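Presented below is the structure to which this report refers.
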Amino acid sequence: MKTNKFYLLIAVLFITAGSVKAQDSDFTFGLKAGVNYATLPTSVKAITDKKGKVGYNFGAFARVGKTLYFQPELNYVTFKSSYVYASNTYTPKFNQVNLPLMVGYKIIDTEALNFRVSAGPDVNYTLNDAKGPVGFDYKKFNLGGVVNAGVDIGNITIDARYSRGLTKINKSLNEKTGLFNLSVGFKLF
């Protein structure tokens, strides 16, 4: 059932992208992929030896507007982190659907080159069961915020961003997500 909803959401994004493109020349749609580095910051002193791990992401983005723009995305993101709790090492792995909804501004805006910054809320849904200490369950739904800096060179986009969980992904361990991301994309239209 969850898979069907995910495919439906992707179909709606593509149909909306096509109809908006037909109506608005200030619309861009593209695909992107990249790598991320994740941590699970916490204030719990019993958690030690925290280490971030590398993951990957891929997805689709739309951009509506000229100098000031709105950029929703739909991404598949994987990440994991490692830590020691009660003398045991845990490495929870997350496979998420990620929906950042950013408002941005193009600092330099030419036909061939754009430098831009954006920020906004970041909605995440974990598709798998991340494994942690027994009785310390990771939540499926998480809200955060994202800041992004990017450059467009022709149809190529390059983005660097940081996404920080604003809600706790694990209440008992007081953990929030921290995700650095570097991606490269291609504007299809």
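Just so you know, these numbers come straight off a predicted model, no measurement behind them. Numbering of residues begins at 1 and proceeds along the displayed sequence.
For the pair R63 and D152, the minimum side-chain heavy-atom distance is below 4.5 Å. Considering only heavy atoms from C-beta on, L127 comes within 4.5 Å of Y76 through its side chain. Looking at heavy atoms from C-beta onward, D26 lies out of side-chain contact with V64 at the 4.5 angstrom threshold. Side-chain contact check for P92 versus K80: every heavy-atom pair is 4.5 Å or farther apart. Within the 4.5 Å cutoff, no side-chain heavy atoms of N148 are placed close to those of V117. At a threshold of 4.5 Å between non-hydrogen side-chain atoms, the residues K106 and K66 do not count as touching. For the pair F29/K187, no side-chain contact is recorded, criterion being any heavy-atom separation below 4.5 Å from C-beta on.
Using modelled atom types, one finds a donor on one side chain and an acceptor on the other under 3.5 Å when comparing Q96 with T126. Side-chain atoms of T78 and N95 include no donor-acceptor pair closer than 3.5 Å. At a cut-off of 3.5 Å, with distance as the only test, a side-chain donor of S163 or D122 sits close to an acceptor on the other residue. Side chains of N174 and K168: a donor-acceptor N/O pair is present below 3.5 angstrom, by distance only.
We find the CG-OG1 distance between N155 and T28 to be 8.5 Å, quoted to the nearest 0.5 Å. In this structure, K93 NZ and S82 OG are separated by 14.0 Å, a value rounded to the nearest 0.5 Å. Note that CZ of R164 and CG of L143 are 14.0 Å apart. Values are rounded to the nearest 0.5 Å. Between N124 atom CG and T167 atom OG1 the span is 8.5 Å, to the nearest 0.5 Å.
Between the side chain of S183 and the backbone N or O of K32, no donor-acceptor pair lies under 3.5 Å. Side-chain atoms of K50 never come within 3.5 Å of backbone atoms of S81 as a donor-acceptor pair (strictly under, hydrogens ignored).
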Assess whether side-chain contact (heavy atoms from CB on, under 4.5 Å) is satisfied between V123 and N98, documenting all intermediate values.
-> CA-CA 6 Å; V123 180; N98 165 258; over 6 Å; no
CA sep, side-chain torsions, deciding dist, call: R116, D159, salt bridge (charged side-chain N to carboxylate O under 4.0 Å, His left out) | CA-CA 9 Å; R116 54 193 162 68; D159 287 282; 2.7 Å; yes
Worked check of side-chain contact (heavy atoms from CB on, under 4.5 Å) between Y69 and Y105 | CA-CA 6 Å; Y69 62 90; Y105 181 76; 5.6 Å; no
V35 vs N57, side-chain contact (heavy atoms from CB on, under 4.5 Å): CA-CA, chis, key distance, verdict = CA-CA 6 Å; V35 295; N57 64 81; 5.7 Å; no
Trace of the salt bridge (charged side-chain N to carboxylate O under 4.0 Å, His left out) decision for K51 with D49 | CA-CA 6 Å; K51 295 178 189 154; D49 203 21; 3.6 Å; yes
Which is it for V151 and T157 under the side-chain contact (heavy atoms from CB on, under 4.5 Å) test, yes or no, and what are the steps along the way?
-> CA-CA 6 Å; V151 62; T157 68; over 6 Å; no
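For L31 against A60, the heavy-atom pair with the smallest separation is CD2-CB, 3.9 Å. Nearest heavy-atom pair, T39 versus G52, reported as atom, atom and distance to 0.1 Å: CG2-CA, 4.0 Å. Contact detail for P41 and G178: the closest heavy-atom pair is CD-N, 3.9 Å.
Taking a 4.5 Å side-chain heavy-atom cut-off between Ile, Leu, Val, Met, Phe, Trp and Tyr, the cluster of F94 extends to L40, V44, I47, V77, F79, Y83, Y85, Y90, F136, Y138, I169, L173, L179. Hydrophobic clustering, defined by side-chain heavy atoms of Ile, Leu, Val, Met, Phe, Trp and Tyr closer than 4.5 Å, groups M102 together with V146.
Tracing side-chain contacts under 4.5 Å through hydrophobic residues (I, L, V, M, F, W, Y), one never reaches L166 starting from F141; they form parts of separate clusters. Connection of F186 to V184 is established within a shared hydrophobic cluster, with ILVMFWY side chains joined at heavy-atom distances below 4.5 Å, either directly or through further cluster members. Cluster membership for V147 and V103, using ILVMFWY side-chain heavy atoms within less than 4.5 angstrom, is not shared. Note on L188 and I156: same hydrophobic cluster, where clusters join Ile, Leu, Val, Met, Phe, Trp and Tyr whose side-chain heavy atoms are under 4.5 Å apart, directly or indirectly.
The ring-ring contact (aromatic ring centres under 6.0 Å, His included) check on Y162 picks up F180, with sequence neighbours excluded.
Look at R161 and E73 and you find a salt bridge, because one of the NZ, NE, NH1 or NH2 atoms lies within 4.0 Å of a carboxylate O, short of that distance.
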